[in-house]
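Notes to accompany the following structure.
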Amino acid sequence: ALPGQDCDEIDSFELIGTLCLTSGMPLREKAEFLFDLFDLNEKAELSINEVTLAFRSLVSGARKIAIGASIVSNEEIDQVALDAFDLITPESLKYSVAMTDDQKLTRQQFCDYALNCPEAVSFMDCYDDIVIGQSNNIAADASAKASPARLMADELDEEGKTLKQPMGEPWRDQQRFLRPDIAGEKERASPPPMDGLQLDRICGRNSGTEAVYTSDGDVLYAAGSMVVKLVADNGGYNQDFFNEHSNRVSSLAIFHAKDGMGDTVASSDTGGDNCKVCVWSSQTLSSQVTFSTRHKNGVSKLSF
C-alpha cells in the first residue's frame, strides 16, 4: 500500500518483484527470476499480457518504496513491453492483427531484451542492491547510481529548468529512448542504427542438413538458423536469406512447381525453444505458413 493509506492487503507480484529488483542478485539472475514469477501458465514463455503485468508491477512496486518518485503512465510502460515483441516479430507479421496473441517470449528472449533494453537496464540498475543508511529517501539514493531514461522524471533546478543528465552510462547514448525535451527535438528520435543493419554474406553451412536445388537452378542450404539462397550472377554468386527460424535449421524439403511462381520450400529447426516448421516460396523467400511443432526437440527430417 502507498504511505498514508490504510490497506490490509498487498499485491504479491509487486512485493516479490520489488524484493527481487532491490536485491543484490546479478541482473541476469533477476531477469530469470522475474520470468519465472510472471510465467503464469508455467509454459516457459511469456505472452504480451504477462510481460505488461511484469513491467507495470515492477514500476508500481518501485514507486511505493521510493519517496518522491515520478508517476509513469501505463502507456509508457506498455510501450516498453510492446518493443520486446516488436524485436522478435518478422516483418511479414508485424501488421497482423493476431501478432500479439500468437507471439511469445522465451526465457532467453526475455532475458536478452531485459539486459539490452536501455530502459530496463537503467531501471534495474537504479534500484539494484539498495542499502538504506542514514538517508530515508530511497529514490535519491537509487538515483545517485543511475536514472532510467523514460521511467524516471527529469531533475529540475531551482528555477524549474531541466538539468542536463550526466552522460556516463552507455544506455544514455540511445537517442530513441530520450525524452524530446532532453534530446532537444520536437519529435521522437529515429530508431538506433542497428535497425538498418543488413546481412551481406554467410560463410559455412550446417553439417548433416542437405542442400536442395530449385527449378531455376539456385541452391538452398542451411547455415545456423538461416537458409541461404545461392544465385549465380555474372560468373559469381550472390546470397539471399530466409530468416524466419530462431534455432538451428535441421532439414529442407522442396516441391518443384512448373507455373513460374517459384518452388515451395519447407524448413524445420531443432535444439531450442519454440521449434517450428516454415513453408515458404523459393522465389520471394516470403513465408506462407509457419507453425510450432509439438516435438520436444523439434523436427529433424522433412519430405513432400
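The structure presented is a predicted model; accordingly, all values stated were derived computationally and were not measured. No hydrogens, no waters, no symmetry mates; every other heavy atom, side chains included, goes into these values.
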Answer yes or no: is there a side-chain heavy-atom contact under 4.5 Å between [X] and [Y]?
X	Y	answer
I65	T22	yes
D240	V231	no
L21	M124	yes
V265	V279	no
C278	Q288	no
L285	K229	yes
I48	K104	no
V228	R205	no

Report yes or no: does [X] contribute a side-chain atom to a donor-acceptor pair with the main-chain N or O of [Y] at less than 3.5 Å?
X	Y	answer
S122	E119	yes
Q109	T106	yes
E76	S73	yes

Rounded distance [0.5 Å steps], [atom1] in [X] versus [atom2] in [Y]:
X	Y	atom1	atom2	answer
I77	L53	CD1	CG	11.0 Å
L15	K64	CG	NZ	10.0 Å
L46	L37	CG	CG	10.0 Å
L82	T52	CG	OG1	6.0 Å
T270	K276	OG1	NZ	14.0 Å
F304	T264	CZ	OG1	6.0 Å

Item to check | Steps toward side-chain contact (heavy atoms from CB on, under 4.5 Å) verdict (H245, M226) | outcome: CA-CA 7 Å; H245 290 281; M226 312 283 284; over 6 Å; no
Would [X] and [Y] show up in the same hydrophobic cluster when neighbours are defined by side-chain heavy atoms closer than 4.5 Å?
X	Y	value
L27	V51	yes
F33	F123	yes
F255	L302	no
F242	V219	no
V277	V227	no

Item to check | Donor + acceptor pair across side chains of S267, W280 (<3.5 Å) | outcome: yes
Checklist entry - Among side-chain atoms of S250 and S268, is any donor-acceptor pair under 3.5 angstrom? => result yes
For [X], what residues pass the side chain to side chain donor-acceptor pair (under 3.5 Å) criterion, not counting sequence neighbours?
X	answer
N234	none
D112	Q108
S292	N274

Item to check | Pairs flagged by salt bridge (Lys or Arg N to Asp or Glu O under 4.0 Å) wherever residues 31-56 is involved - sequence neighbours left out | outcome: D36-R107, R56-D78
Item to check | Pairs satisfying side chain to side chain donor-acceptor pair (under 3.5 Å), at least one member in residues 215-227, at least two apart | outcome: S215-H256, S215-D263, Y221-Q239
Checklist entry - What do the steps show when you test V249 against N206 for side-chain contact (heavy atoms from CB on, under 4.5 Å), and what is the final call? => result CA-CA 8 Å; V249 176; N206 294 351; 4.2 Å; yes
Item to check | CA sep, side-chain torsions, deciding dist, call: Y127, L58, side-chain contact (heavy atoms from CB on, under 4.5 Å) | outcome: CA-CA 11 Å; Y127 293 94; L58 290 173; over 6 Å; no
Indicate the atoms forming the closest heavy-atom contact of [X] with [Y], along with that distance.
X	Y	value
L252	L220	CD1-O, 3.8 Å
C20	K30	O-CE, 3.3 Å
A31	A114	CB-CB, 4.2 Å
L199	F241	O-CE1, 3.6 Å
V80	Y113	O-OH, 2.6 Å
S47	F85	C-CZ, 3.5 Å

Checklist entry - Which pairs with one or both residues in residues 37-65 pass ring-ring contact (aromatic ring centres under 6.0 Å, His included), sequence neighbours excluded? => result F13-F38
Checklist entry - Step by step, would you call S287 with E244 a side-chain hydrogen bond (donor to acceptor under 3.5 Å, both in side chains)? => result CA-CA 8 Å; S287 181; E244 299 290 330; 5.2 Å; no
